[in-house]
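A quick write-up on the structure given underneath.
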Amino acid sequence: MFELARLAGIARSSDPFVFSLVKHMNCVYICFFQMPKKEESEKSVTKKKTKEEIEAARTLKRKLKEEEEQQRWWEEEKYEAGIKWKFLEHKGPYFPPEYNPLPENLNFYYNGEKLKLGLRAEEVALYFAQMLDHEYTTREVFRNNFFKDWRKEMTLEERMLITDLEKCDFGEYHNFHKQKVEERKNRTKEEKQVLKEANQKITDEYGFCMLDHHRERIGNFKIEPPGLFRGRGDHPKQGLLKKRIRPEDVIINCSKESHVPEPPAGHQWKEVRHDNTVTWLASWTDNVQGATKYVMLNANSKLKGEKDWEKYEVARQLKSRVDGIRAQYKDDLKSKQMGTRQRAVALYFIDKLALRAGNEKEEGETADTVGCCSLRVEHIMLHDSLDGEKCVVEFDFLGKDCIRYYNKVPVTKRVFKNLKLFMENKQPGDDLFDRLNTGMLNKHLSSLMPGLTAKVFRTYNASITLQQQLKELSNALLNQAEKLLSYNRANRAVAILCNHQRAPPKSFEQSMANLQAKIEGRKEQLTLAKAELKKAKKEAKGNSDTKLQFVVEKKKKAMQRCEEQLLKMEVQATDREENKEIALSTSKLNYLDPRISVAWCKNMEVQLDKIYNKTQRDKFAWAIHMTEKDFEF
DNA sequence: GCATTTACTTAGAATCATGTCT
DNA sequence: AGACATGATTCTAAGTAAATGC
């Protein structure tokens, strides 16, 4: 603690100081009080600090403050059901800057003719021009949607004239944008510093709120800037104009007795309400989807953390009841009720394959994706036998975010027979489970166990898989790199189960080749080191000269170091290769009970920051604090 | 009962910052 | 010291599930 204070520039090791322990809300704070310094010592010790040092001290001070503010909310008492807070105060959301018109000399051309666009048409045209390098702008749906909405922003004259997107030339706008990006990249250190400080100021003012007695970080305090809607996959609304949000669109939620945030000058909020049964601080309706967007707290907050903890506790409860539940749905496969059988098969998939529930969606409003309950006949193929296995179901469908789920799974005879039955006399586009939806499924699940829903199975199966895999893949005898590889592999098993994919990084091939080259280089070095060692040994043999023995020892150490480094790189290469198209972060952040990882680190003597970065450690502070070696999920 | 609305979690891509190498 | 790669952070879309409205 003193060390931190010293680094922060608020204390020097030569400074006299006192500290006291302050207990507040079950949390012990250490408070420093610096004693007044004497004049002479001041002069002799003081060295002119450079700008950087001052800045570094400042950020450290801030960090210190944040750490002190970190509350052990998990040791506090909980409110009655449904109440999320008793006091909430904040500054309202931060609005993006107004549109800045393009320089006069920039031109837009229609059909080869120069054309000066009005401000509104220009702004929306620029949104499109900025995206020209993106594949989006070549898609028919995107172009049509953009053009339709763009024309709405035009003056009558503009609209009369501009009737064909193909005849539009946004070239100068596009180049202007590219130039801006370039300039941004080439900013000097000083410019970057100025911008950083300005940003920090905004975060300091708008990025925090007071929730009960705690100062909490807000997750998304910035209003989403206007632009063109970028839906995922084959989204029917891609390219539509996402309009600028004004204070008049925003609902503020805060305490009655708090200082209500001021709307930007000349504006008013849509509404100010005081609803302490919800966690959001502000909300607005998005014009593209008609969905409500919320300003909420950061993941390290009490409200989010408590919910997260609760989620894993429910999943752990499932662990102790899952055998009975499985027996039940296996039994239900034989039910006389078609609905019950469909429910049983759906549950079998959700449990075995960690599929999502699959709510129904409004047709034409979103991309065509499905989950378990919304699977259609066309999404599965039945094989009586395939690759030497019997009763194989071949899945091929687009799930959340249009990520393809492709899997060939052997199932029990009874499940297989049921699927055949469900598919009888149906068209490819018909629902596989026509007598089932997520509401019915969840209602049934909650009758089996309080709090049980379809997604609890995903959480449970993910966490239990991590725990099992860690047990299987790692042991205390492995070296550090191997331990981490085993952790990543356990994590990877979960990511594969949950179908968390990513586009391979752009530079993947290159970086793989680079690493491979490094490995080759190291290998040669190792051969050399081995030869030298051999030589040294030979020379030292039968010779009691301590100098020669010393040389042998030195060569041996060099060889070993080389070997270690080689191994580390090889492990890294393996890890990277296996991870090419798999995203680990989603499962790490949302599905894996952090207590499993914390306990594993303790048992394996692996530093926690090897598996969780700072943000993740903040998010999982509750787990880090409460988890012992013997934790079992 | 259902469709709709609301509130919240989960998701991958894009962007930004930092560390490493030359 | 600049280029580049990598990891961290930001962004906001897209899910789940419960409440509400009719």
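For clarity, every value in this text was computed on a predicted model and none was experimentally measured. Computation of the quantities below employed the complete heavy-atom set of this structure, encompassing side-chain atoms and omitting hydrogens, waters and symmetry-equivalent molecules. Naming: A, B, ... by sequence-line order, numbering from 1 per chain.
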- prompt: Counting any heavy atom closer than 4.0 Å, what does A/Arg356 reach on the DNA or RNA strands: base, sugar-phosphate only, or nothing?
  reply: sugar-phosphate
message: Rounded to whole Å, please give me the gap between CG in A/Leu452 and P in C/dT16.
response: 16 Å
task: Remember a base hit wins even if backbone is also touched, and classify A/Lys84 as base, sugar-phosphate or nothing at under 4.0 Å, heavy atoms.
output: sugar-phosphate
query: Reckon A/Ala454 touches a base, only the sugar-phosphate, or nothing at all at heavy-atom distances under 4.0 Å?
result: sugar-phosphate
- line: Testing C/dT12, C/dT16, C/dA13 for proximity to the side chain of A/Pro225, the answer is C/dT12
Within-4.5 Å side-chain heavy-atom neighbours: A/Leu126 and A/Tyr99: yes
query: For A/Ala503, which contact category applies under a 4.0 Å heavy-atom criterion: base, sugar-phosphate, or nothing?
result: sugar-phosphate
- prompt: Which nucleotide, B/dT9, C/dA8, C/dT12, lies nearest any side-chain atom of A/Lys455?
  reply: B/dT9
query: Where the side chain of A/Thr453 is concerned, which of C/dA13, C/dA17, C/dG15 is the nearest nucleotide?
result: C/dA17
message: Main chain of A/Ala354, side chain of A/Asn461: is a donor-acceptor contact present, judged purely on distance under 3.5 Å?
response: no
message: Does a side-chain N or O of A/Lys614 approach OP1 or OP2 of C/dG7 to a distance below 4.0 Å, or not?
response: no
- prompt: Hey, is the side chain of A/Lys400 pairing donor to acceptor with the base of B/dT10 inside 3.5 Å?
  reply: yes
message: Checking the side chain of A/His379 only, and the main-chain atoms of A/Arg376 only, is there a donor and an acceptor separated by less than 3.5 Å?
response: yes
field: Pairwise 5' ranking along DNA chain B for A/Arg502 and A/Arg273, keeping only the more 5' one
entry: A/Arg273
query: Aromatic rings A/Tyr294 and A/Trp280: how do their planes relate, parallel, tilted or perpendicular, breaks at 30° and 60°?
result: tilted
message: Does B/dT10 have its OP1 or OP2 closer than 4.0 Å to a side-chain nitrogen or oxygen of A/Arg458?
response: no
- line: Expected string for nucleotides 15-22 of chain B under the B/S/- scheme (protein heavy atoms, under 4.0 Å, primed atoms plus P, OP1, OP2 as sugar-phosphate) is --------
task: Just say parallel, tilted or perpendicular for the rings of A/Tyr136 and A/Phe142, cut-offs at 30° and 60°.
output: tilted
task: Using only side-chain N and O atoms of A/Asn590, determine if any of them is under 4.0 Å from OP1 or OP2 of B/dT9.
output: no
message: Among C/dA8, B/dA11, C/dT12, which nucleotide has an atom closest to any side-chain atom of A/Glu224?
response: C/dT12
query: DNA chain B: stems of at least 3 consecutive Watson-Crick or G-U pairs, cut-off 3.5 Å?
result: B:1-22 with C:1-22
- prompt: A/His500 has a side chain; which of C/dC11, B/dA7, B/dG12 sits nearest to it?
  reply: B/dG12
query: With a non-hydrogen cut-off below 4.0 angstrom, is A/Asp401 in contact with a base, only sugar-phosphate, or nothing?
result: sugar-phosphate
- line: Ranking A/His134 and A/Thr277 by the position along DNA chain B of their nearest nucleotide, the one closer to 5' is A/Thr277
message: For A/Tyr612 together with A/Phe620, are the ring centres under 6.0 Å from each other?
response: yes
- line: When rounded to whole Å, the CD1 to P distance for the pair A/Ile218 and C/dT10 reads 13 Å
- request: Would you tell me if any nitrogen or oxygen in the side chain of A/Gln289 comes within less than 4.0 Å of OP1 or OP2 on C/dA14?
  value: yes
query: Quick one: is A/Thr292 getting a side-chain N or O under 4.0 Å of the B/dT5 phosphate, OP1 or OP2?
result: no
- line: Among C/dA17, B/dC8, C/dT12, the one nearest any side-chain atom of A/Thr279 is B/dC8
- prompt: Any idea which of B/dA7, C/dT16, C/dT12 is nearest the A/Met296 side chain?
  reply: B/dA7
- prompt: Looking at A/Lys222, does any N or O in its side chain come under 4.0 Å of the phosphate oxygens OP1/OP2 on C/dT10?
  reply: no
message: Counting only side-chain nitrogens and oxygens, does A/Arg576 get under 4.0 Å of the OP1 or OP2 atom of C/dT6?
response: yes
- prompt: Without hydrogens or angle criteria, can the side chains of A/Glu577 and A/Asn579 be said to hold a donor-acceptor pair below 3.5 Å?
  reply: no
message: Are A/Phe221 and A/Tyr206, when compared by the centres of their aromatic rings, separated by less than 6.0 Å?
response: no
query: Contact class for A/Lys242 (heavy atom, under 4.0 Å): base, sugar-phosphate, or nothing?
result: sugar-phosphate
- request: Would you classify A/Gly371 as touching base, sugar-phosphate or nothing, given that sugar-phosphate means primed atoms plus P, OP1 and OP2, and contacts are heavy atoms under 4.0 Å?
  value: nothing
field: A/Glu216 bridged to A/Lys302 by N-O distance under 4.0 Å
entry: no
- prompt: In terms of side-chain heavy atoms of A/Asn220, which of B/dC8, C/dT12, B/dA11 is nearest?
  reply: C/dT12
Sidechain-backbone polar pair: A/Asp593 side chain, A/Ser463 backbone, donor-acceptor under 3.5 Å: no
Any side-chain heavy-atom pair of A/Val295 and A/His90 under 4.5 Å: no
